[in-house]
Amino acid sequence: MYIDSVLYEGGADGREAKEMRCYEFLDKLSIQYFRADHEKADTITACEDVEKVLGAKICKNLFLTNRQQTEFYLLLMPGEKPFFTKLLSKQIGTARLSFASPEHMNELLDITPGSVSVLGLMNDKEKKVHLLIDRDLLKEEFFGCHPCLNTSTLKFKTEDLIEKILPALSYEPQYVDLPWERPEE
């Protein structure tokens with residue numbers, strides 16, 4: 001996978017509209033951010049080399065739904081941490097979580113699979129998506145995510161995510177504590 005070895009400060013011109021909206025949003029909030037450009041990186045494994053350019057870990061973003069597909073959740077968690085559906089379901093009080101469809105992802109966040117990002121919440125005008133954040137993410141100084149397209153990755157301070165970005169999006173996250181290892185049943 002090609003990765004530009006230059007870490008750029010700020011956004012870029014001439015990108016797709018959904019990516020440009022991310023840059024405009026961050027600029028409006030006066031948030032300092034850095035950008036790594038690369039070929040399509042649609043998995044955490046593909047992002048490992050991008051992390052070296054960024055100098056920060058990239059967040060795992062999972063778009064989930066309940067069995068009835070009436071409730072939707074965006075889970076942010078450390079990229080290297082395994083995901084155990086049953087444990088999250090228990091913490092948030094819902095049964096049978098699964099991955100939401102690409103159609104719901106596009107409809108609610110204007111994002112396609114492999115590009116899911118907390119920045120997609122700016123497209124959730126009706127606030128149908130619940131934001132879940134694993135507390136372990138708060139230990140990192142920087143937060144890495146895509147600008148709604150998986151051909152660039154951004155880095156900004158985790159503090160800016162919590163104190164500026166989420167309030168500007170009118171989102172109050174629910175914090176969860178997910179384990180690093182599968183607990184004994």
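Nothing fancy with the numbering, it's 1 onward along the sequence.
When all heavy atoms of P147 and L119 are compared, the closest pair comes out as CA-CD1, 4.2 Å. Between Y23 and R15, the shortest heavy-atom contact is OH-NH1, 4.2 Å. The minimum heavy-atom distance linking H104 with F63 is given by the pair C-CE2, 3.9 Å. The two residues M1 and V50 make their nearest non-hydrogen contact at CE-CG2, 3.7 Å. The two residues I162 and L166 have their closest heavy-atom pair at CD1-CD1, 4.1 Å. Residue S5 comes nearest to V53 through the heavy atom pair O-CG1, 4.0 Å, listed as atom of the first residue, atom of the second, then distance.
Relative to the ring axis of F142, K155 places its NZ or CZ within 45° and under 6.0 Å from the centre.
Annotation: E9, atom CD; neighbour count of heavy atoms from other residues, nucleotides and ligands within 6.0 Å is above 12.
In the hydrophobic clustering of ILVMFWY residues, with side-chain heavy atoms under 4.5 Å counting as a link, V116 and L88 come out apart. Linking Ile, Leu, Val, Met, Phe, Trp and Tyr residues whenever their side-chain heavy atoms come within less than 4.5 Å places Y33 and M122 in a single cluster. Under a hydrophobic-cluster definition in which Ile, Leu, Val, Met, Phe, Trp and Tyr are linked whenever side-chain heavy atoms come within less than 4.5 Å, directly or via other members, Y175 and V118 are assigned to the same cluster. Criterion: ILVMFWY side-chain heavy atoms under 4.5 Å apart, direct or through other members. Under it, L26 and I58 are not part of a common hydrophobic cluster. When hydrophobic clusters are built by joining Ile, Leu, Val, Met, Phe, Trp and Tyr residues whose side-chain heavy atoms come closer than 4.5 Å, directly or via intermediates, M105 is grouped together with L74.
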| Residues V176, M77; criterion side chain to side chain contact (heavy atoms under 4.5 Å, CB included); working and verdict | CA-CA 9 Å; V176 295; M77 62 186 291; over 6 Å; no
Decide side chain to side chain contact (heavy atoms under 4.5 Å, CB included) for I111 and K18; before the verdict, give the C-alpha distance in whole Å, the side-chain angles of both, and the deciding distance to 0.1 Å.
CA-CA 8 Å; I111 292 180; K18 63 177 84 182; 5.6 Å; no
**Prompt:** Between Y171 and D124, is a side chain to side chain donor-acceptor pair (under 3.5 Å) present by the stated rule, with each step listed?
**Reply:** CA-CA 10 Å; Y171 267 91; D124 181 21; 2.3 Å; yes
Q) Can you list the steps and then say if I31 with F25 is a side chain to side chain contact (heavy atoms under 4.5 Å, CB included)? A) CA-CA 9 Å; I31 291 175; F25 174 73; over 6 Å; no
- Message: C148 vs E16, test: side chain to side chain contact (heavy atoms under 4.5 Å, CB included). Steps then yes/no.
- Response: CA-CA 10 Å; C148 297; E16 285 191 38; over 6 Å; no
- Given the rule in the side chain to side chain donor-acceptor pair (under 3.5 Å) test, do E71 and H130 qualify, once you have shown the distances and angles that lead to the verdict? CA-CA 8 Å; E71 297 291 327; H130 304 282; 2.5 Å; yes
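Atom CG of L178 sits about 9.5 Å away from atom CZ of F84, to the nearest 0.5 Å. Residue D160 holds its CG atom at 11.5 Å from CZ of F143, rounded to the nearest 0.5 Å. Atom-to-atom distance recorded for T94:OG1 and N66:CG is 5.0 Å, nearest 0.5 angstrom. Atom CG of L108 sits about 9.0 Å away from atom OG1 of T65, to the nearest 0.5 Å.
A donor-acceptor pair under 3.5 Å is absent between the side-chain atoms of S152 and the main chain of D37, judged by distance alone. For N61 (side chain) and C59 (main-chain N/O), a donor-acceptor pair under 3.5 Å exists by modelled atom type. Looking only at distances, no side-chain donor or acceptor of S117 sits under 3.5 Å from a matching main-chain atom of C145. No side-chain donor-acceptor contact under 3.5 Å links R35 to the backbone of Y8.
At a threshold of 4.0 Å, the pair K57-D136 does not count as salt-bridged, since none of the basic side-chain nitrogens sits closer than that to a carboxylate oxygen. Salt bridge status for K128 with E126: present, with a side-chain N to carboxylate O gap under 4.0 Å. Contact check on D110 versus R21 returns a salt bridge, with a Lys/Arg side-chain nitrogen under 4.0 Å from an Asp/Glu carboxylate oxygen.
Tested against D177, the residues K81, K90, R135 include a single salt bridge (charged side-chain N to carboxylate O under 4.0 Å, His left out) partner, R135. The side-chain contact (heavy atoms from CB on, under 4.5 Å) test with Y73 is passed by exactly one of V129, L131, L62, L132: L132.
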